[in-house]
There are 2 protein chains.
Amino acid sequence: MNTGLFKRLFKDKNLRMSHPRFLIYQELLGAQNPLSPQELYQSLLKKRRKIGLTSIYRSLDLFESLNMVFKIINGSSVKYKLCELKDHHHHIICRSCGHVGVLNFCDISSWSKKVTESTGYQVVDHQLNFYGFCKKCKPLQK
Amino acid sequence: MNTGLFKRLFKDKNLRMSHPRFLIYQELLGAQNPLSPQELYQSLLKKRRKIGLTSIYRSLDLFESLNMVFKIINGSSVKYKLCELKDHHHHIICRSCGHVGVLNFCDISSWSKKVTESTGYQVVDHQLNFYGFCKKCKPLQK
DNA sequence: CGAATAATGAAAATATTTTCAATAAGAAAT
DNA sequence: ATTTCTTATTGAAAATATTTTCATTATTCG
Ligand SMILES: [Zn+2]
Ligand SMILES: [Zn+2]
Ligand SMILES: [Zn+2]
Ligand SMILES: [Zn+2]
């Protein structure tokens, strides 16, 4: 997700483009790996950016709700990475090293009717994650 | 999930059936609604059961890994309910009241091959949740 | 430049995880 | 059935992580 797209998204949703939000976006954009809230905080402090840890939590929640970032929950570790694809997609997480693979497809929407029929719920969203072992970690499994 | 099934599952996996674990299982079995770790703790204290909050967290994690319970994350609230079906299945969570609907189907396993082909990952697990509004809450949406 | 109000951040409140010494469950022997 | 042994599990306390509160600040829109 590039900077232009990021700014447009906020304008469209009537969200304010605050300094903290932009700092966090930039930090994620420059990162090689997914980052935890604490890692983001420390990294920004090191660069003398004035920001509160609370804002990091809040911004990450917001970004997630906008599908801008993917929240990677692996055991008790929580990290975030910027989504590269702007279209709806899912991920596979390595149970060993935490690396994230991108899946550029989703056939779930076709299920919504089935879900509504069997439960009466109106479906508005879904969450799908795969877990497994990446090419690097697979051989290490006994 | 009934008590016999519960005990067999533990024996099969070489897990010890400790008193705290059984207390938590019973509490979930008797509950009408999903319970948070804190609610479980308070409820057991009220019944004069000796148990530590830490054990509740640990047992719930264990139960989840055994697919005995479903962890319902809705905003910042976390609750658990015992799974009624012993076969693999998924849930739909009401964004308004938190009620959980059970879906007794899953066609995801057919995706695993596709996931492996596109990412090289060995797939061992997946997580799929639907979100929406239940029959009761749907009319309240504007 | 002012409103109007969404967003921030410090501090307090909660929630969750980790550590580690003590305990209890299960297996095996008596 | 009781004792003994091994080791998984517990729980109190400390460490971390996350959320809430609320007074202050910064954005955006005339
Ligand atoms: Zn890996
Ligand atoms: Zn999808
Ligand atoms: Zn509802
Ligand atoms: Zn499934």
Side-chain angles (χ1 to χ4, degrees), chain A residues 3 6-27 34-66 68-69 71-80 95 98, chain B residues 3 6-27 34-66 68-69 71-80 95 98:
Chain A
T3 308
F6 175 64
K7 288 184 171 170
R8 197 175 326 139
L9 186 59
F10 273 61
K11 188 150 288 177
D12 288 353
K13 301 252 177 187
N14 249 63
L15 291 164
R16 293 183 182 177
M17 174 48 58
S18 68
H19 198 200
R21 284 176 181 169
F22 194 65
L23 285 176
I24 294 164
Y25 163 73
Q26 281 192 304
E27 202 62 26
L35 298 173
S36 68
Q38 196 55 236
E39 286 167 340
L40 270 165
Y41 184 56
Q42 295 304 331
S43 180
L44 286 168
L45 280 191
K46 203 167 293 174
K47 293 176 184 169
R48 314 281 170 155
R49 305 296 190 231
K50 189 173 149 14
I51 194 167
L53 185 54
T54 310
S55 293
I56 292 182
Y57 279 99
R58 277 191 293 229
S59 294
L60 291 172
D61 277 353
L62 175 67
F63 290 3
E64 193 200 6
S65 75
L66 297 172
M68 281 175 48
V69 300
K71 181 178 187 175
I72 303 153
I73 301 176
N74 206 14
S76 69
S77 128
V78 174
K79 303 199 172 194
Y80 292 83
R95 273 266 153 78
Chain B
T3 309
F6 175 62
K7 287 184 171 170
R8 196 175 327 139
L9 186 59
F10 273 61
K11 188 150 287 178
D12 289 352
K13 301 252 176 187
N14 247 63
L15 291 164
R16 292 183 183 176
M17 174 50 59
S18 68
H19 198 199
R21 284 176 181 167
F22 194 65
L23 284 176
I24 293 164
Y25 163 73
Q26 281 192 306
E27 202 61 27
L35 298 172
S36 68
Q38 195 56 235
E39 286 168 338
L40 270 166
Y41 184 57
Q42 294 305 331
S43 180
L44 286 169
L45 280 191
K46 202 166 293 173
K47 294 176 184 168
R48 315 280 170 156
R49 304 298 189 231
K50 189 172 149 16
I51 194 168
L53 185 53
T54 310
S55 293
I56 292 182
Y57 279 100
R58 277 191 291 227
S59 293
L60 291 172
D61 278 353
L62 175 68
F63 290 2
E64 194 199 6
S65 75
L66 297 172
M68 281 175 46
V69 299
K71 181 179 187 176
I72 303 153
I73 302 176
N74 206 14
S76 67
S77 128
V78 174
K79 302 199 172 194
Y80 293 83
R95 274 267 152 77

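Keep in mind it's a predicted model, so treat the numbers as computed, not measured. Side chains are part of it too, since the values below use all heavy atoms of this structure and drop only hydrogens, waters and symmetry mates. Naming convention: chains lettered A, B, ... in sequence-line order (proteins, then strands); numbering from 1 in each chain.
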Student check: side-chain heavy atoms of B:Ile24 and B:Phe63 closer than 4.5 Å: yes

Pair A:Met68-A:Phe10, side chain to side chain contact (heavy atoms under 4.5 Å, CB included): steps then yes or no: CA-CA 11 Å; A:Met68 281 175 48; A:Phe10 273 61; 3.8 Å; yes

B:Ser18: side-chain contact (heavy atoms from CB on, under 4.5 Å) partners, not counting sequence neighbours: B:Pro20, B:Arg21

Inter-end axis angle, the helix from C:dC1-D:dG30 to C:dT30-D:dA1, with every axis fitted to five base pairs (rounded, 10 degrees): 50°

B:Ser65: side-chain contact (heavy atoms from CB on, under 4.5 Å) partners, not counting sequence neighbours: B:Leu62

Salt bridge (charged side-chain N to carboxylate O under 4.0 Å, His left out) against A:Glu64, all qualifying residues, sequence neighbours excluded: none

Counterpart residues, side-chain contact (heavy atoms from CB on, under 4.5 Å), relative to A:Tyr57 (two or more places apart): A:Pro37, A:Leu53

All side chain to side chain donor-acceptor pair (under 3.5 Å) counterparts of A:Tyr41, not counting sequence neighbours: none

Contact state string [nucleotides 25-30 of chain D, B base, S sugar-phosphate only, - no protein heavy atom under 4.0 Å]: -BBS--

side-chain contact (heavy atoms from CB on, under 4.5 Å) involving B:Lys13 - partner list, sequence neighbours excluded: B:Leu9, B:Leu15, B:Leu66

Residues in side chain to side chain donor-acceptor pair (under 3.5 Å) contact with B:Lys71, at least two apart in sequence or another chain: none

Contact interval (first through last nucleotide) of DNA chain C with protein chain B, 4.0 Å heavy-atom: C:dA15 to C:dG26

Note, A:Lys79 side chain near A:Glu39 side chain (heavy atom, < 4.5 Å): yes

Strand-adjacent residues in residues 41-62 of chain B, judged by heavy atoms under 4.0 Å from DNA chain D: B:Lys50, B:Ile51, B:Gly52, B:Thr54, B:Ser55, B:Arg58

With A:Gln42 via side chain to side chain donor-acceptor pair (under 3.5 Å) - residues at least two apart: A:Gln38

SB check B:Glu27 B:Lys47 (cutoff 4.0 Å): yes

